[in-house]
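A quick write-up on the structure given underneath.
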2 protein chains.
Amino acid sequence: MPQSTEPPPRPPTGLEIADWVRQRIRTGRFVPGQRLVEVDIIRQTGASRSKVREALQRLEGEGLVEIEEFRGASVRSSTLDEVRQIYRARMALEGMAMHDFTAKADPAMIARLQDLQDQLDACVKDRAPDRFGRLNNEWHRLIVEGSGNNVIAEHLQRLNVPIHRLLFESFYDDDRLNTANADHRAMLALIVAGDADGAERAMRRHIGDGFETLARIEDEFYS
Amino acid sequence: MPQSTEPPPRPPTGLEIADWVRQRIRTGRFVPGQRLVEVDIIRQTGASRSKVREALQRLEGEGLVEIEEFRGASVRSSTLDEVRQIYRARMALEGMAMHDFTAKADPAMIARLQDLQDQLDACVKDRAPDRFGRLNNEWHRLIVEGSGNNVIAEHLQRLNVPIHRLLFESFYDDDRLNTANADHRAMLALIVAGDADGAERAMRRHIGDGFETLARIEDEFYS
DNA sequence: ATCAACAACATTGTCAACAATGTCGTCAGC
DNA sequence: GCTGACGACATTGTTGACAATGTTGTTGAT
């Protein structure tokens, strides 16, 4: 795509366009409510209109954008209540993933997790919130991928999309950084101990707390 | 659509085509592996090619069909392990739905559930497995819709699609009919008692047992 | 009989032109 | 100034023709 240093001669496929748009939504370059005009995307990506339309329909299926007849696509925005529902679903699925991960984790996986944990600890010490964010994502992904359940992994990926304007800020709360990391350590201990049920409960609490933090930030924002 | 007695004059939309195909997969009219040729669907539904292609891409996004370049769409088939993963996801999500339903159920909802339960009991007595199947679906839907979590509801709907050839047969096991109904009664009692955690555990066990039955049938089939 | 090469056909992918609709500014009338 | 009708423009929806690819059947040599 044109944005990179080396534009590929091959015109981008529908999936690539979808990725491109998804990425821009993830990074906040496309904000909720913003209209996604086909021609603009064509100009920026070099794709044909069919491909762009295909990509937008795909994203609509993922719940990321909204398409209205003759009005086109726009980035979907969600209420706080929908975010609550998303977190509830994440608690269920990621909890289950944690359960299965704990039940089948081998020493190699645990070692990788331990390594990640050390890096996360360092981030907390150094107050490096965005590196923490990246590693945090990786930590959660490691659990989910390691659970051996691709169906859950795919559904979680779909739930992990920030369609709420406040989802970006939750990690920059210093308090939250500390408690989240403490949660991670506790979960690691439970995994090592082979306590699948306990690890699942801990994961659910961890995600639930994440939402609480988010809701608190939202509250403060409006007062 | 042509199959009904009164074909609508308006050409069907992409969503309707998707529903049409989905329905045919659900009822076993389209079996896993079967190719879905665009022209055939056009002939049978009267839709335009764009709409058919849109519908197929949508279904691909749902994981129901598989699209290969220049080879078109075909009904996706899944291994027993993928079915296991699906059931695992259902345990997580429907368990959570049950939890929230129990926590917020009002007398009216409980009454509707009680009514359904009576009809289910009758079905078991009368040995009416397919009516039981329909009511059973309604029972589960009532719980999920009543949980107040649309996100979970949508993800469950996506998980509820039978892409495995044996998913149809599991209800016709007479033993299973009885235990499943007993599960339902037990869950109803837990709901009335307001025991959200207990109801969640019961739902998870119930769904897990469903998979066990399925796996047993599969085993017998291959021996 | 087997196999490769080839050709006719079937099916899907792409694109561009056109139609349908929404959007926004303009202007007359009050 | 306000409002509603009107028209130019922008954007999306639809269709059909054509290109690219896969599929199947045929033929002829071995």
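Just so it is clear: chains get the letters A, B, ... in the order the sequence lines come, proteins before strands, and each one is counted from 1.
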Gap between atoms CD1 and C1', on A:Ile41 and D:dA10 respectively (whole Å) | 16 Å
Using distance alone, with no hydrogens and no angle criterion, decide if B:Asp81 and B:Gln85 have a side-chain donor and acceptor under 3.5 Å apart.
-> yes
Between A:Asn136 and A:His184, a side-chain donor and acceptor under 3.5 Å = yes
Sugar-phosphate means primed atoms, P, OP1 and OP2; the rest is base. With that split, encode nucleotides 6-15 of chain C 5' to 3' as B, S or - using protein heavy atoms under 4.0 Å.
-> -----SBBBB
Cation-pi, A:Tyr87 ring and A:Arg90 (6.0 angstrom, 45 degrees) = yes
Would you mind checking if A:Arg58 and A:Glu54 are paired as a salt bridge, meaning a charged N to carboxylate O distance below 4.0 Å?
-> yes
Using a strict cut-off of less than 4.0 Å between a Lys/Arg side-chain nitrogen and an Asp/Glu carboxylate oxygen, indicate whether B:Arg216 and B:Asp219 qualify as a salt bridge.
-> no
